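Worth knowing before you read on, the calculation uses all heavy atoms, side chains too, and leaves out hydrogens, waters and symmetry mates. Quick note on labels: first sequence line is chain A, next is B, and so on, each numbered from 1. As the structure is a computational prediction, the values presented were derived from the model and not from experiment.
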Amino acid sequence: MQIEIEKRFPLEFFTVDAVTLARRLLGALLVRRSAEGITAGMIVETEAYRGPDDRAAHSCSGRRTSRTEVMFGPGGRAYVYLIYGMYLLFNVVAAKEGQPEAVLIRALEPVLGLELMAGRRGLELTTDQNPPGDGERGPERLIRSLCNGPGRLTRALDITRQHYGIDLRGDELFLVPYKEFPEAAVATTPRINVDYAGEWKHMPWRFVVRDSPFLSTRRHL
DNA sequence: CCAATGATCTTC
DNA sequence: AAGATCATTGGA
């Protein structure tokens with residue numbers, strides 16, 4: 001079966017609050033078209049950030065800076081930022097202009113261009129020396145670790161600061177309808193690593209495909 | 001468990 | 001202009 005990547009989501013798909021969008025994005029395909037080739041993964045883990053109230057959000061208390069500017073724009077654009085001096089994190093902007101909300105993409109199930117993703121991560125798919133686990137015949141373990149973390153997936157897809165503000169209904173970095181999960185297949189948990197956010201750290205705004213082996217962590221499940 | 005590493009934000 | 005912080009990761 002050929003994978004269809006010509007479709008796009010309508011703008012209205014994105015102009016909802018970040019919690020709604022975080023749930024909706026599970027099963028969407030994130031596609032990166034570059035000179036090297038096409039890479040893509042299905043979204044299996046997300047987190048919602050709702051400014052200006054949410055103390056865990058960069059847009060907390062209406063903080064409008066050159067970094068957070070895109071969060072204040074209309075939904076459907078990319079918010080990319082550097083964390084810990086070495087990792088870029090990718091977010092999908094949610095809601096309408098003036099409402100600074102976004103969804104952090106934390107993990108993907110690799111779908112297209114696995115060889116290329118591995119190369120960008122500094123790994124070799126073909127010469128993987130890791131022993132297969134129970135019931136495995138090939139490099140499943142390595143494939144699971146390709147995009148299972150917010151800093152890893154941006155490297156695997158070569159998402160850079162140049163993608164800051166890009167329209168995710170375009171042709172270089174974009175989202176495509178791919179798979180839909182019923183409520184029973186989805187779990188919510190508190191967000192990862194936002195202990196500084198006071199009462200907001202407890203909000204169940206992380207969404208995961210419950211049985212996916214491609215999650216960044218199984219914490220809280 | 002802890003260090004890496006640099007842009008951003010706060011405070012002086 | 002200096003200092004703290006940080007939506008992470010990989011290696012003891």
Side-chain angles (χ1 to χ4, degrees), chain A residues 17-23 25-26 30 41 43-72 75 77-95 99-108 110 117-124 128-130 141-165 168 187-208 213-221:
Chain A
D17 71 273
V19 178
T20 301
L21 183 60
R23 167 64 182 87
L25 282 170
L26 293 179
L30 177 61
I43 297 174
V44 295
E45 178 177 345
T46 61
E47 279 178 1
Y49 288 86
R50 308 194 62 176
D53 296 330
D54 179 6
R55 265 188 61 197
H58 292 160
S59 55
C60 162
S61 65
R63 200 180 271 136
R64 191 164 187 153
T65 68
S66 56
R67 180 177 70 150
T68 62
E69 182 59 29
V70 73
M71 284 186 74
F72 289 79
R77 310 224 266 231
Y79 170 39
V80 180
Y81 72 94
L82 183 72
I83 188 74
Y84 298 113
M86 47 186 117
Y87 301 104
L88 290 168
L89 268 52
F90 168 75
N91 298 251
V92 178
V93 174
Q99 297 175 283
E101 310 196 15
V103 176
L104 172 68
I105 306 304
R106 290 192 56 90
L108 305 175
M117 289 190 203
R120 287 168 174 160
R121 290 281 326 277
L123 306 166
E124 266 292 350
D128 178 29
Q129 296 302 314
N130 297 308
R141 183 189 301 279
L142 188 144
I143 292 171
R144 280 199 300 273
S145 68
L146 245 29
C147 298
N148 60 343
R152 288 175 170 182
L153 71 90
T154 55
R155 282 183 58 193
L157 296 197
D158 189 32
I159 294 172
T160 70
R161 276 174 281 223
Q162 309 224 10
H163 296 111
Y164 181 94
L168 294 169
T188 63
T189 84
R191 295 169 292 182
I192 303 296
N193 290 348
V194 294
D195 288 352
Y196 57 85
E199 56 185 288
W200 296 92
K201 80 177 178 188
H202 303 296
M203 303 306 288
W205 288 350
R206 171 173 173 242
F207 293 78
V208 302
F214 300 93
L215 304 180
S216 68
T217 169
R218 302 201 70 77
R219 199 166 143 197
H220 304 303
L221 286 177

**Asked** Do you see a donor-acceptor pair shorter than 3.5 Å between the side chains of A:D17 and A:T20?
**Response**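 Present: a donor and an acceptor within the cut-off.
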
**Item:** Side-chain donor-acceptor pair present, A:R63, A:T68, cut-off under 3.5 Å
**Value:**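 No donor-acceptor contact under 3.5 Å links the two side chains.
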
Could you state the interatomic distance from [atom1] ([X]) to [atom2] ([Y]), rounded to the nearest 0.5 Å?
{"X": "A:M71", "Y": "A:R77", "atom1": "CE", "atom2": "CZ", "result": "13.5 Å"}
{"X": "A:L30", "Y": "A:I159", "atom1": "CG", "atom2": "CD1", "result": "5.0 Å"}
{"X": "A:L89", "Y": "A:L153", "atom1": "CG", "atom2": "CG", "result": "7.5 Å"}
{"X": "A:L146", "Y": "A:R152", "atom1": "CG", "atom2": "CZ", "result": "9.5 Å"}
{"X": "A:M117", "Y": "A:L123", "atom1": "CE", "atom2": "CG", "result": "12.5 Å"}

Considering only [options], which nucleotide approaches the side chain of [X] most closely?
{"X": "A:Y196", "options": "C:dT9, B:dA7, C:dC6", "result": "C:dC6"}
{"X": "A:L89", "options": "C:dT8, B:dA7, B:dT5", "result": "C:dT8"}
{"X": "A:M86", "options": "C:dT9, B:dA4, C:dT8", "result": "B:dA4"}

**Asked** Think A:N193 has a side-chain N or O under 4.0 angstrom from the OP1 or OP2 of C:dT8?
**Response**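 Looking at the OP1 and OP2 atoms of C:dT8, one of them is under 4.0 Å from a side-chain N or O of A:N193.
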
What is the distance, rounded to the nearest whole Å, between atom [atom1] of [X] and atom [atom2] of [N]?
{"X": "A:R155", "N": "C:dT8", "atom1": "CZ", "atom2": "C1'", "answer": "12 Å"}
{"X": "A:I83", "N": "B:dT5", "atom1": "CD1", "atom2": "C1'", "answer": "12 Å"}
{"X": "A:H220", "N": "C:dA7", "atom1": "NE2", "atom2": "C1'", "answer": "13 Å"}
{"X": "A:H58", "N": "C:dT8", "atom1": "NE2", "atom2": "C1'", "answer": "12 Å"}
{"X": "A:L88", "N": "C:dC6", "atom1": "CG", "atom2": "P", "answer": "19 Å"}
{"X": "A:L146", "N": "C:dT9", "atom1": "CG", "atom2": "P", "answer": "13 Å"}
{"X": "A:N148", "N": "C:dG10", "atom1": "CG", "atom2": "C1'", "answer": "12 Å"}
{"X": "A:D195", "N": "C:dT8", "atom1": "CG", "atom2": "C1'", "answer": "14 Å"}

**Message:** Stacking between A:Y87 and C:dT8, defined as ring centres under 5.5 angstrom apart with planes under 30°, is that present or not?
**Reply:**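 Stack criterion not met.
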
**Cation-pi geometry met for A:R191 and A:Y49 (6.0 Å, 45°)** = yes

**Message:** Is the terminal nitrogen or CZ of A:R55 (NZ for Lys, CZ for Arg) located under 6.0 angstrom from the six-membered ring centre of A:Y196 and within 45° of that ring's axis?
**Reply:**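 Here A:R55 fails the 6.0 Å and 45° test against A:Y196.
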
**Message:** Measuring only the P atom in each nucleotide, how far is B:dA3 from C:dA4? A whole number of Å is fine.
**Reply:**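 Taking atom P in both B:dA3 and C:dA4, they lie 16 Å apart.
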
**Message:** Please classify the nucleic acid contact of A:R121 as base, sugar-phosphate, or nothing, using heavy-atom distances under 4.0 Å.
**Reply:** sugar-phosphate

**Request:** Tell me what A:L82 touches on the nucleic acid: a base, only sugar-phosphate, or nothing, going by heavy atoms under 4.0 Å.
**Result:**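 Result for A:L82 = sugar-phosphate.
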
**Request:** Could you tell me which non-hydrogen atom of A:A78 sits nearest to which non-hydrogen atom of A:H163, and how far apart they are?
**Result:** CB-O, 3.4 Å

**Asked** Do you know the tightest heavy-atom contact between A:T189 and A:R219?
**Response**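 Looking at all heavy atoms of both residues, the closest pair is CG2-O, 4.3 Å.
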
**Message:** Given a 3.5 Å cut-off on both pairing distances, which stems involving DNA chain C, each at least three consecutive Watson-Crick or G-U pairs, are present, if any?
**Reply:** B:1-4 with C:8-11, B:6-11 with C:1-6

Would you tabulate the pairs of protein nitrogen or oxygen atoms and nucleotide nitrogen or oxygen atoms of nucleotides 8-12 of chain B closer than 3.5 angstrom?
residue, atom, partner, partner atom, Å
B:dC9, OP1, A:T65, OG1, 2.6
B:dT10, OP1, A:R63, NE, 3.0
B:dT10, OP1, A:R63, NH2, 3.3

**Request:** Check DNA chain C against residues 48-56 of chain A and give the residues with a non-hydrogen atom under 4.0 Å, in numerical order.
**Result:** A:Y49, A:A56

**Request:** For atom CD of A:E69, decide whether the heavy atoms of other residues, nucleotides or ligands shown that lie under 6.0 angstrom number more than 12.
**Result:** yes

